[in-house]
K.L.:
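Got a structure for you, questions after.
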Amino acid sequence: MSWRSIDIPITELCIDTVLRSGQSFRWKRSGPLEYSCAIHGRIITLKQDPTKLYYRAIFPPAVNNESTASVPIPLISRTASDLEEFELQETQRFLRHYLNLEPNLGELYAQWSEKDKNFAKKAPKFHGVRILKQDAWETLVGFICSSCNNIKRISQMMDKLCANYGPLIGHIGDVPYYDMPSPAALVNPRVETHLRELGFGYRAAYLFQTAQMISREEDGWLDSLRNPENPVFGHKASPAGQMLPEGREGYRNAHAALVELQGVGAKVADCVCLFGLGWGEAVPVDTHVWQIAQRDYGFGRGKHKSLTKATYDAVANYFRQLWGKEAGWAHSVLFTADLKTFAEKAAANIVKSEEILDSVKAETNDNTATVSIKEETIVHDNGNADNFALGVSDIIARTSSIQDEIKHEPEEDIMNSNTAEGKDENAVLKREISEVAAHIMSNKRTANGHVKQERIDVKTELVERVVKRRRSDRLRR
DNA sequence: GGTAGACCTTG
DNA sequence: AAGGTCTAC
């Protein structure tokens with residue numbers, strides 16, 4: 001079974017981010033940098049390098065019964081290689097749809113950056129954040145499970161749901177892969193109890209009731225709520241209505257219909273609209289987005305003091321008028337930037353430099369050199385781990401101006417020398433500054449759970465480290 | 001129209 | 001505590 005590829009820069013699609021950022025919950029790591037999922041009746045495996053996305057697919061054994069075949073098998077397929085060729089091509093078409101490769105992310109990022117300074121500041125570290133075109137039912141189930149929950153457990157719940165009620169598609173190694181069960185597979189009254197036993201908690205009732213409500217509707221009811229510009233895979237797009245600041249008619253209609261389901265409120269409905277129904281203007285406002293709105297966009301004062309229904313609409317509408325038609329896409333970039341896993345990742349390279357510096361520090365004890373740098377105190381009133389990473393980037397951005405302020409005695413002027421070591425100094429200094437920031441900026445939780453960030457004095461810490469390192473450098477010669 | 005609890009588990 | 005929803009003041 002061979003790999004095929006699609007040419008796409010990692011800045012246009014970063015699967016390591018997109019597949020783990022919480023819009024889909026069924027992709028699993030199946031290798032060092034591989035992700036696999038039983039989807040659309042087959043197991044698809046993905047990996048990528050900076051310029052290409054690689055994919056392959058495992059299909060279930062051929063079945064003669066047409067009604068159970070999830071993929072139409074062409075009559076002309078005779079040999080095994082003909083069939084594999086067809087399967088791979090069909091898989092590529094599906095992936096282009098599912099991964100939503102049509103929109104140009106670079107252009108969109110540029111537009112949002114122009115409209116929004118905060119976006120311009122944060123987005124560069126989180127490129128390739130693209131909205132998937134997922135199955136609406138799968139999206140609905142995933143986000144019903146998401147309340148007061150985390151990505152890890154949501155994924156685990158989806159896994160159990162599929163393993164217990166979905167069709168087995170195949171194996172990778174000894175790991176079985178199951179596709180999503182249909183709503184009809186969950187209508188048996190025993191399902192609710194069973195789901196509780198499987199650890200779904202109060203969400204078991206929501207899932208069971210929602211499955212029932214959807215089963216009672218006509219086939220395709222959920223998909224009838226889709227954005228006509230983004231139809232089901234294999235169907236043709238039809239022209240969509242005009243954009244209004246609050247969202248198009250079709251979007252509001254879809255949202256209103258979804259909220260009727262059990263366990264589906266405004267937030268879950270917006271997630272389904274955005275990730276599962278192709279409505280780019282849907283902006284889910286969850287606790288994270290609410291934090292962002294308060295921290296970076298001035299919400300939380302005067303009128304919208306807490307996240308009520310009215311506040312929800314105000315925040316979502318604000319982002320729609322700020323970012324435009326694909327506001328939900330921009331929202332997801334900032335959301336990802338705020339997720340702990342990714343914010344920490346952004347700071348990972350800083351941790352590396354700490355190890356390097358530690359080995360240098362151990363060798364020095366001298367204190368004779370003096371260094372003065374510009375008085376620079378960076379203050380953040382509040383902030384979480386993500387804010388922390390951005391704080392670091394702030395400091396890195398100021399590196400050059402700080403460097404200009406650094407003067408050192410004695411005699412040797414490493415920075416201005418033309419030696420290779422001298423040039424190295426700038427790079428090392430940059431690392432030190434970011435490392436210092438990472439070291440000093442400690443987050444603390446207060447009694448009420450609020451995260452506060454301490455004041456940072458870059459100067460004191462940085463001076464100390466630079467002095468020590470230079471001392472050490474000299475000792476080596 | 002906003003606030004307070006309850007709802008279930010598990011990382 | 002964790003990506004909410006529902007119900008009753």
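First the proteins, then the strands, lettered A, B, ... as listed; each starts at 1. Note that this is a predicted model, so its numbers are computed, not measured.
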K.L.:
Side chains of A:Q92 and A:Y55 only: does a donor on one sit below 3.5 Å from an acceptor on the other?
P.N.:
yes
K.L.:
Is a side-chain donor or acceptor of A:E281 paired with a backbone partner of A:A327 at a separation under 3.5 angstrom?
P.N.:
no
K.L.:
Drop me the distance from A:L277's CG to A:L225's CG, to the nearest 0.5 angstrom.
P.N.:
6.0 Å
K.L.:
Given A:T336, which of A:T341, A:T17, A:V18 fulfils the side chain to side chain contact (heavy atoms under 4.5 Å, CB included) condition?
P.N.:
A:T17
K.L.:
Give one of base, sugar-phosphate or nothing for A:V264, where a contact means two heavy atoms less than 4.0 Å apart.
P.N.:
sugar-phosphate
K.L.:
Pick the closest DNA chain C nucleotide for A:I154 and for A:E260 by heavy atoms, then say which residue is nearer the 5' end.
P.N.:
A:I154
K.L.:
Write down the distance between NZ (A:K267) and P (C:dA2), rounded to a whole number of angstrom.
P.N.:
14 Å
K.L.:
Check the orientation of A:F94 and A:H40. Use parallel for under 30°, tilted for 30 to 60°, and perpendicular for over 60°.
P.N.:
parallel
K.L.:
Tell me every residue that passes side-chain contact (heavy atoms from CB on, under 4.5 Å) with A:A314, counting only those two or more places apart in sequence or in another chain.
P.N.:
A:F299, A:H304
K.L.:
Which part of the nucleic acid, if any, lies within reach of A:S155 when heavy atoms closer than 4.0 Å are counted: base, sugar-phosphate only, or nothing?
P.N.:
nothing
K.L.:
Could you list the residues that satisfy salt bridge (charged side-chain N to carboxylate O under 4.0 Å, His left out) with A:K52, not counting sequence neighbours?
P.N.:
none
K.L.:
Output the rounded distance in Å from CH2 (A:W290) to P (C:dG4).
P.N.:
13 Å
K.L.:
Report the relative orientation of the aromatic rings in A:W279 and A:Y251; use parallel for angles under 30°, tilted for 30 to 60°, perpendicular for over 60°.
P.N.:
tilted
K.L.:
With rounding to whole Å, what would you report as the distance between C:dT7 and B:dC8 at their P atoms?
P.N.:
13 Å
K.L.:
Any base atoms under 4.0 Å from A:I144, or only sugar-phosphate, or nothing? Heavy atoms, all strands.
P.N.:
nothing
K.L.:
Would you kindly give the CG-to-P distance between A:L339 and C:dA2, to the nearest whole Å?
P.N.:
12 Å
K.L.:
So what's the dot-bracket for DNA chain B: Watson-Crick or G-U pairs under 3.5 Å, [ ] if a pair crosses, | if it pairs off-strand?
P.N.:
.||||||.||.
K.L.:
Any protein N or O atoms within reach of nucleotides 7-9 of chain C? Criterion: under 3.5 Å, listing atom names and distances.
P.N.:
none

K.L.:
Give a yes or no on this: more than 12 heavy atoms of other residues, nucleotides or ligands lie within 6.0 Å of atom CG of A:N104.
P.N.:
yes
K.L.:
Examine A:K160 relative to A:Y165 and say whether NZ or CZ is less than 6.0 Å from the centre of the six-membered ring and inside a 45° cone about the ring axis.
P.N.:
no
K.L.:
Using a 4.0 Å cut-off on heavy atoms, which residues in residues 311-333 of chain A reach DNA chain B? List them by number, or say none.
P.N.:
none
K.L.:
Identify whether the distance between the nearest side-chain nitrogen and carboxylate oxygen of A:R42 and A:E87 falls below 4.0 Å.
P.N.:
no
K.L.:
Decide whether a cation-pi geometry holds between A:K47 and A:W3; the criteria are a distance under 6.0 Å from NZ or CZ to the six-membered ring centre and an angle within 45° of the ring axis.
P.N.:
yes
K.L.:
For the pair A:E138 and A:R26, find out whether any cationic side-chain nitrogen is under 4.0 Å from an anionic carboxylate oxygen.
P.N.:
yes
K.L.:
How would you summarise protein contacts on nucleotides 3-11 of chain B per nucleotide, using B for base, S for sugar-phosphate only and - for none, with heavy-atom distances below 4.0 Å?
P.N.:
S---BBBSS
K.L.:
Just to be sure I understand the rule, does A:G22 reach a base, reach only the sugar-phosphate, or reach nothing, if contact means heavy atoms closer than 4.0 Å?
P.N.:
base
K.L.:
Check this for me: does any side-chain nitrogen of one of A:K133 and A:E102 sit under 4.0 Å from a carboxylate oxygen of the other?
P.N.:
no
